[in-house]
Every structure is written in structure tokens, then in C-alpha cells.
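The chains referred to below are lettered A, B, ... by the order of the sequence lines, with proteins before strands, and numbering in each begins at 1.
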Number of protein chains: 2
Amino acid sequence: MAGFEAKRIAVIGAGAVGSYYGARLAQAGHDVHFLMRRDYDAVRNGGLHVESVDGDFVLDSPSIARSSKEIGPVDWVICALKATSIEDARALVAPCVGDGTRILVLMNGLGLEERFAGWFGAERTFGGLAFTCINRREPGVVHHIDYGAVNIGHQIDERSELEAAAALWEGVQVETTTSPSLLLSRWEKLCWNVPFNGLAVTSGGITTDRILADSELREAARGVILEVVAAGNADLAAHDEPGRIDGAEMAERMIAATDAMADYRPSTMIDFMEGRPMEVEAIFGEPLRRAQALGVATPLMAVLSGQMRALNPA
Amino acid sequence: MAGFEAKRIAVIGAGAVGSYYGARLAQAGHDVHFLMRRDYDAVRNGGLHVESVDGDFVLDSPSIARSSKEIGPVDWVICALKATSIEDARALVAPCVGDGTRILVLMNGLGLEERFAGWFGAERTFGGLAFTCINRREPGVVHHIDYGAVNIGHQIDERSELEAAAALWEGVQVETTTSPSLLLSRWEKLCWNVPFNGLAVTSGGITTDRILADSELREAARGVILEVVAAGNADLAAHDEPGRIDGAEMAERMIAATDAMADYRPSTMIDFMEGRPMEVEAIFGEPLRRAQALGVATPLMAVLSGQMRALNPA
């Protein structure tokens, strides 16, 4: 395609999300290097398989590495670690960062880009919000079940940087949009993640349809959304961001969208059921801390946060 | 002892609580008949053993029956079924009710005496609130760990009836008090049961010290207590009961008392951990329904109620 420019890319955190989006970038012709641990041998021997609703494909011999140093500096780092590994991120990403490197933080939750900005500079830091349903199966196989769009924002909301980010994904089979306000986008996503991940886990690991079929839990979801919106709007104001969220509209839209998802299993609920660490701090702890610091009343977010912390495997 | 009058008593629901208090009544000389299912053979063969902090004792050959009809009419029915068995209570109790029979509903939660009053008449219906820690062990053995006081109220708060109830327990090794307002006593007990049973279960089955050590959960406990108090006061007003609960005082007192309990396992949390049905409707559902009917805002009670219903084994 006209104007395609292959970029050198490092995927740090090649779980389901990192492997999928990295494979899509490689499929389009980018020079993608995957940092792999668990799946290294399987991918080396059998390639990286993507089973997708949009058509299966295989990378027969992708470039894989056991350490970031083997990869070295790149044009773009895609950091798709779980938020629970945020303390490891700096050391894993640093060897891939050179002068012109940009970093896309493709992770869940609030406050992660701030960490990267502190380590590597805000100018080169982007946030990616994946709206998708992707699971890992056996080693070397990623299962892309539905959706897949990525919304990208820039840590300091520079329009020219957003254009550079969008350019990376041109010709890549991933629907991407850019956000003029990364902070607004993060809070908007929390409007779904906090109520539905939280209530699904604290109700024993139930699917979203069961949340919405129970009158108390449905009403609780609405109440949590309104609290997240209030906290988000206060945080946006505190950061002099112009955008605001309309609470009533957001609550209605999130609940309607979730009604349409049927028996969906939120990612944190899957972690919970499989005994894995949950992204409690990024999805619950940090939003709550900001709300409390700003004096926003968030009793439902607080109880969910406390319950989630207690339920998180030690 | 002077003035002791042996009463004919049926204990319906001879789990830990029923067996313990029935054994205490028998120990004092009352003519106690236990309806037993699970423990029938063990007690028939080996007696009913009470291992108590206040001294062990055994009833060598207590009167036990497999059906209420075998027992027939009595002076007092002590109904100590779990609240989850409320729909069975009428049929189990009815054969023991004659003209002068009184019924002590020694169960957890709100609205149970109303059911008995509807079935058998309000005049003969009493509520008992046990403040105790009693477990069943192997069949035929009850383990009384701590406390043991019973607070007794009358469904229509008649003073002469309260005197009759108090007389039953004279000479019995159980500390009893009477309440001038059964409804007030029920709501006061809910001020502990709703927050601490609820948060212990929805946080994955944690002890009360872990609730209070987490700043969010401790604050949530306080918030739940304030909601229960608001609901209770509205319910008391709606029933033209004179008493009211002081929310701030109650919250402080319940939290201080619980701080002193160390790693206590609330009864509903034990049920949850052992996979048994939990008393969700009596402790969470009915108080919430009353709050909602009275227009009292109870978002925390609602989320706990929804979570508990979802967590309850089907």
C-alpha cells in the first residue's frame, strides 16, 4: 500500500493481547520482535498461531527473544504486560528505548502511563485501550473471539504525536481510533471495568448477564458508574482537561451495551476464577485514591475496592 | 429452686443453637423434646453432649423424636431452624401448638416472627436473639465456645407475656434479658449481622479482623451500619414503635466490639466456606425490601444483598 513504512517494534508482554496485536502488526509487514517467556519454545518450534473471527493466520517464524536486550532499541514499544506487573515494566522496556522510541502502554487501568512518562518521558508515552475479547490457549496459540478496536491517546495529548501513532496502524488489520484526551478515555473505560469486573468477581465469578438480571446488582452497576463518572470528571478538572462525562448517559449506554454481551466473562473475573492475580490497583485502587484525594464520595467504589483487594491472591 | 415450674418444651431445629439451649432447659429440669434428624441415632445411642466454656455436661437419654407429631402440643416451642428453612417451619411447628402454646423464634434475621404470627397468632409469638458462639461437631456433640446470652422480645411487646418468657428461663444456666421492643432488637442485631456477615462473605470468606484492618472495608462496615440504622429507624417509625437507634453511636460501638473479637468467623461466613445455604433473605433481603419500601437510600445494603444472593448456593 502507498506510503507504508515498516517500523521496528518490540512487544513486551506477549500474553494474549500483546501476541495478537503484535501478530497483526507483523502481518502487515512491520518488523516485530516479541519478548517471550512461557511461549518461547512453542513459538520457536511451531510459529505463532492466531485463530481469529476475522480469519486465522500464522506467523511461521516470528522474531522472538528471551530478553529485551536481545531486541534493543526500536521505533515503537508495545507494552502489553498485565497491570499487576507494572513494577517490572521499567526494566523490561528500557533496553528497547532509544532516542526516537515511542511507547504504547496497551494495558488496563489508571495511572500506568504516568509511570512510563516518569521513567521515559511523557512525549514518547502513549496509552492504548483495547476493546476486544482475546484469550490465550495452548502455548503459541491466541484466540481472538470478538471485537478488537484500539483507542490510542497521547500522554500529553499532542495532535502531531497522535498522527504518528495512527500512522503505525495504517494498513494493519486492527480498527484504531485516536483520542484527543487520554485521561478522558481511561476514565470512560473505567466506567465499564470498575462495575462489571468488580461485581462479577465479588458475586462469586458470575457473567455479566447475571449481574444485569439481578435488580440489586443492576442498580449497583448503575451506582458504581455514576461514582466513576463523578471521580473522573473531578480528575479531568484537576488536570485542566476540557472533556467531561455525562453520568446518566454513560450509565445507560454501558448497561445497554452489556445487556447485548449476554454471558460475557470480564477479564478480571477470568483471572479470579483461574486463581491469577487481578489488576486491582490499576482498575480499583488508583481511581479510588484519586476520588478520595479530590473529595468525591465513592462508597460503592470503596467497598468493591476493599473486597477485590481481599479476594486478590496473595 | 423455689417456684420452679417444669414446662413441656419442643425444640424444633436441633442444630447447634437448638440443641444447646434445649439442653440447658433440660439441664434445669424442664421436660424437653428434641425434633432430630441428622443426629437422631447418635443421640439415641450416646446421649447429647455439650462441651461448654462454662463446663461440659451430657443429657444421657433426652427425649428425641423424628416427627413433630410424636411430640404433640407443648407449653413452649423453641424454633431454632435456620432462616433458610422458614418455609418448612409452619408444618414442623404446627403439631406442637395447642391452646396455651407459646413459640420462641430463636432464629436470625428480620420478618420471621411475622410469619409465625400469621400462622399461629401474634399473642403467642416471641423472638429470641442469641448472642453466642456455638458450633456442631460430630453428631450428638455441641461445642459452646463463648457468650450465650439470649434477648427475648414479644411480637406485640406485651409486658405480661415478656414476664412469662422470662419465667421459663429462671434457674436455667443461660443469661436472658427481655426487650420492650422486639423490632428494635432485631434491627439492632442487624447492625452487626449485615455489615460483618456481608463483608466477610463477599470478600472471599475473611475473618472480622481482616475486614477492620482494611481501610476501605472498615469504612464500608461503618457505612453499612449507618444505612441499617436509617432503615431500622424508618421501619420502627412506620410500626409506631417508640425506640430509635443512634447511628453514630451504634457504628462506633459495633466496630469497637468487633475489634475486640479478633479473628472471628461470622456464622454466614462459616456457612459460605462450607458450601451451605446462607441466611440471605432474612439478614439481607427483608431489611433491604423494607428500606426500599420506606424510601430509605441503602446503596451499600443493596450491593451486599445482590452479591450475597449471587454467592448463595443454588
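- Residues of residues 191-219 of chain B lying under 4.5 angstrom from chain A, judged on non-hydrogen atoms, are L199(B), T202(B), S203(B), G204(B), I206(B), R210(B), D214(B), E216(B), L217(B) by number.
- Taking V303(A), L311(A), L304(A) one by one and counting their heavy-atom pairs under 4.5 Å with chain B, the maximum is reached by L311(A).
- Ranked by non-hydrogen atom pairs under 4.5 Å with chain A, the options M308(B), Q307(B), R309(B) are led by Q307(B).
- A220(B) touches chain A through its side chain: at least one heavy atom from C-beta onward sits under 4.5 Å away, while N, CA, C and O do not.
- Within residues 259-293 of chain B, the residues approaching chain A closer than 4.5 Å by heavy atoms are, in numerical order, L288(B), Q292(B).
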